[in-house]
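One structure is given below, encoded as structure tokens.
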Protein chains: 2
Amino acid sequence: MASRRAIPELAPRKRPTQARAQRTYRAIVEAGARVLERHGYEALTTNRVAELAGVGIASLYEYFPNKHALTAEVVRHVLDGLLAELGASTQLITGAPPEDAMRAWLGAMYAAVAKRRAVVRVIVQEVPFLWAIPAVDQARALLLALARSTRDLDARARRAPPLSDATVYLLATMTGAAVLEAVLRPPADHTPDELITALAEVILRATGQPPAPRRAPPRRGPRTTGARRA
Amino acid sequence: MASRRAIPELAPRKRPTQARAQRTYRAIVEAGARVLERHGYEALTTNRVAELAGVGIASLYEYFPNKHALTAEVVRHVLDGLLAELGASTQLITGAPPEDAMRAWLGAMYAAVAKRRAVVRVIVQEVPFLWAIPAVDQARALLLALARSTRDLDARARRAPPLSDATVYLLATMTGAAVLEAVLRPPADHTPDELITALAEVILRATGQPPAPRRAPPRRGPRTTGARRA
DNA sequence: CCATAATCCGAGCAAACGCTCGGTTCTACT
DNA sequence: AGTAGAACCGAGCGTTTGCTCGGATTATGG
């Protein structure tokens with residue numbers, strides 16, 4: 001029982017109070033995100049981030065005790081933006097018929113992730129201690145809670161027995177993974193819209209919804225994504 | 001358009017021909033896997049791997065042009081073991097009734113990944129250039145092809161129209177993700193068996209199978225996993 | 001048996017890394 | 001205006017990294 005992996009300190013050292021300091025702080029975090037997005041986690045060195053942010057290296061260490069804390073804050077920042085956008089989209093679809101709502105929600109999720117494609121890719125595939133960052137767990141818990149409450153509302157509306165917690169957990173997890181996969185490694189032979197439609201269908205069928213006889217021909221689909229191949 | 005991320009050289013420098021050299025080669029790759037498993041990607045330094053393998057650092061560079069190529073080979077090695085085990089399990093379930101077959105297959109998948117939990121975790125979450133490794137793409141393609149052929153067989157047997165390619169792609173992707181998730185971040189409030197059962201149910205329902213009225217009480221479930229919490 | 005090639009080796013180089021030090025500059029408040 | 005403390009700064013330290021060099025050792029096959 002010799003060497004286990006050490007858990008790094010992830011909390012910021014101190015919060016900026018003056019306006020000038022807040023600008024510095026933001027500049028550092030945003031520079032971090034840019035480096036992550038453009039050059040990957042291995043290139044995320046403290047010197048490089050400070051230089052890109054236009055601040056001295058020592059200023060960076062005023063606010064972050066070490067590189068890991070900086071990384072954690074960058075991740076939190078990106079995640080915040082993503083959840084905010086997702087939350088705004090959620091407002092717009094409450095009350096729609098379930099089938100359209102599902103497609104719209106998935107489309108919003110896809111769009112939000114796609115807009116941050118590069119940085120999200122690096123975060124989920126390269127940051128070694130991603131699951132030790134509190135914000136990540138919180139985001140997961142939030143989405144799971146949302147899924148559960150949707151399940152409850154839906155079950156009550158349809159007067160059907162609700163799905164088990166395990167099933168909801170699975171569906172939420174799988175949906176997130178599918179969207180991530182579709183964005184990060186888009187399969188050559190399916191368009192995003194096709195994938196989202198298929199995904200909505202799978203989820204609805206898995207939750208016991210009627211298989212929904214093919215809907216009317218697309219009168220120009222709701223633009224959820226940019227076009228792929230021409 | 002200045003600095004893009006360089007694609008590292010991933011192929012081994014040369015293959016060992018003599019028996020002694022083959023032992024050295026294996027020792028290096030296995031030591032790499034051990035370091036990855038026990039200490040993560042950041043600790044995977046060439047000097048450390050060579051030392052653990054019991055060979056000189058220069059011997060390592062006889063066979064691998066750089067650190068990335070070594071990593072790629074380690075990943076290939078682990079993946080090989082996993083696929084081999086999975087292939088063996090597949091033999092055992094051909095011909096079983098579809099519901100049992102699905103559960104058995106998922107159980108086998110879970111068990112194979114769970115056995116390599118630590119190293120798999122590091123590989124999927126930390127190796128920065130994972131998707132540039134040919135073996136990874138090959139493994140994905142293989143599993144997808146398997147899913148497609150199963151779909152075809154099943155559709156013919158049930159005289160039902162086959163699922164679309166997009167749907168099969170989604171189901172295969174999501175299933176893989178769900179198993180990985182269940183192993184790497186096991187939710188506190190669901191046992192693995194519970195998850196596998198729920199997963200099988202979701203897949204069967206999504207593929208249009210009858211919802212299967214609750215089966216007989218478990219006469220001792222096929223042991224697919226170790227027990228969780230006492 | 002001997003020449004040729006294959007294999008093995010570790011000291012150490014150049015570069016890059018995370019982070020500290022000792023101090024200057026700016027801001028808030030009396 | 002004066003001062004305490006918040007904010008900022010870059011040279012450079014100690015360490016670690018990936019990798020090379022020049023040569024020693026071992027196997028092959030004629």
Side-chain angles (χ1 to χ4, degrees), chain A residues 3 5-29 31-32 35-36 39-74 126-129, chain B residues 3 5-29 31-32 35-36 39-74 126-129:
Chain A
S3 52
R5 206 117 37 106
I7 294 158
E9 184 53 53
L10 293 180
R13 175 172 284 168
K14 76 178 185 191
R15 291 271 158 188
T17 62
Q18 301 183 2
R20 178 176 53 141
Q22 274 162 3
R23 278 199 306 272
T24 301
Y25 192 90
R26 280 188 64 92
I28 293 171
V29 173
V35 172
L36 225 48
H39 306 283
Y41 178 74
E42 287 185 311
L44 190 82
T45 70
T46 52
N47 286 300
R48 183 169 194 168
V49 170
E51 186 188 345
L52 182 61
V55 307
I57 175 65
S59 295
L60 190 154
Y61 280 96
E62 279 289 326
Y63 301 105
F64 303 99
N66 53 53
K67 177 189 166 164
H68 293 107
L70 167 63
T71 310
E73 188 64 7
V74 170
E126 301 186 6
V127 175
F129 50 93
Chain B
S3 49
R5 205 114 40 102
I7 295 158
E9 186 52 53
L10 293 179
R13 177 171 281 167
K14 74 178 188 192
R15 291 270 157 188
T17 60
Q18 301 182 3
R20 178 177 52 139
Q22 274 163 1
R23 277 200 306 273
T24 301
Y25 192 90
R26 281 188 64 93
I28 292 171
V29 173
V35 172
L36 225 48
H39 306 283
Y41 178 74
E42 287 186 312
L44 190 82
T45 71
T46 51
N47 286 300
R48 185 171 192 166
V49 169
E51 186 188 345
L52 182 61
V55 308
I57 175 63
S59 294
L60 189 154
Y61 281 94
E62 275 300 319
Y63 301 105
F64 302 99
N66 52 51
K67 178 188 165 166
H68 294 107
L70 166 63
T71 310
E73 187 65 7
V74 170
E126 301 186 5
V127 175
F129 49 92

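Note: hydrogens, waters and symmetry copies are ignored here, and every other heavy atom, side chains too, is used. Since this is a predicted model, take the numbers as computed values, not measurements. A note on names: the letters A, B, ... follow the listed sequences, proteins ahead of strands, and every chain is numbered from 1.
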Taking protein heavy atoms under 4.0 Å as touching, what does nucleotides 23-30 of chain C look like 5' to 3' if B marks base contact, S marks sugar-phosphate-only contact and - marks none? ---SS---
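- Residue Ser59(B) has no polar side-chain atom (N or O) positioned under 4.0 Å from OP1 or OP2 of dT7(C).
- The side chain of Thr46(A) contributes an N or O atom lying less than 4.0 Å from OP1 or OP2 of dG18(C).
- The salt bridge (charged side-chain N to carboxylate O under 4.0 Å, His left out) check on Glu62(B) picks up Lys14(B), with sequence neighbours excluded.
- Among the protein residues, Tyr63(B) comes within range of the sugar-phosphate backbone only, with heavy atoms under 4.0 Å from sugar or phosphate atoms but none that close to a base.
- You'll find the ring centres of Tyr41(A) and Tyr41(B) outside the 6.0 Å limit.
- In terms of position along DNA chain C, the nucleotide closest to Pro16(B) lies nearer the 5' end than the nucleotide closest to the other residue of the pair Pro16(B) and Ile57(B).
- For Arg13(B), the CZ atom sits in a packed shell: over 12 heavy atoms of surrounding residues, nucleotides or ligands are nearer than 6.0 Å.
- Taking for each of Pro65(B) and Lys14(A) the nucleotide of DNA chain D with the nearest heavy atom, the 5'-most of the two is the partner of Lys14(A).
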Hey, mind stepping through His39(B) and Arg48(B) against side chain to side chain contact (heavy atoms under 4.5 Å, CB included) and telling me if it holds? CA-CA 11 Å; His39(B) 306 283; Arg48(B) 185 171 192 166; 3.3 Å; yes
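- If you check every strand for non-hydrogen atoms under 4.0 Å, Asn47(B) touches a base.
- Extent of DNA chain D lying under 4.0 Å from chain A heavy atoms, first and last nucleotide in 5' to 3' order, is dA6(D) to dA11(D).
- Projected onto DNA chain D by closest heavy-atom contact, Thr24(A) and Leu44(B) fall at different nucleotides, the more 5' of which corresponds to Thr24(A).
- Among the protein residues, Ala21(A) comes within range of the sugar-phosphate backbone only, with heavy atoms under 4.0 Å from sugar or phosphate atoms but none that close to a base.
- Looking only at side-chain heavy atoms (C-beta outward), Tyr25(A) and Pro16(A) come within less than 4.5 Å of each other.
- Using a 4.5 Å heavy-atom threshold, the side chains of Leu70(A) and Tyr63(A) count as separate.
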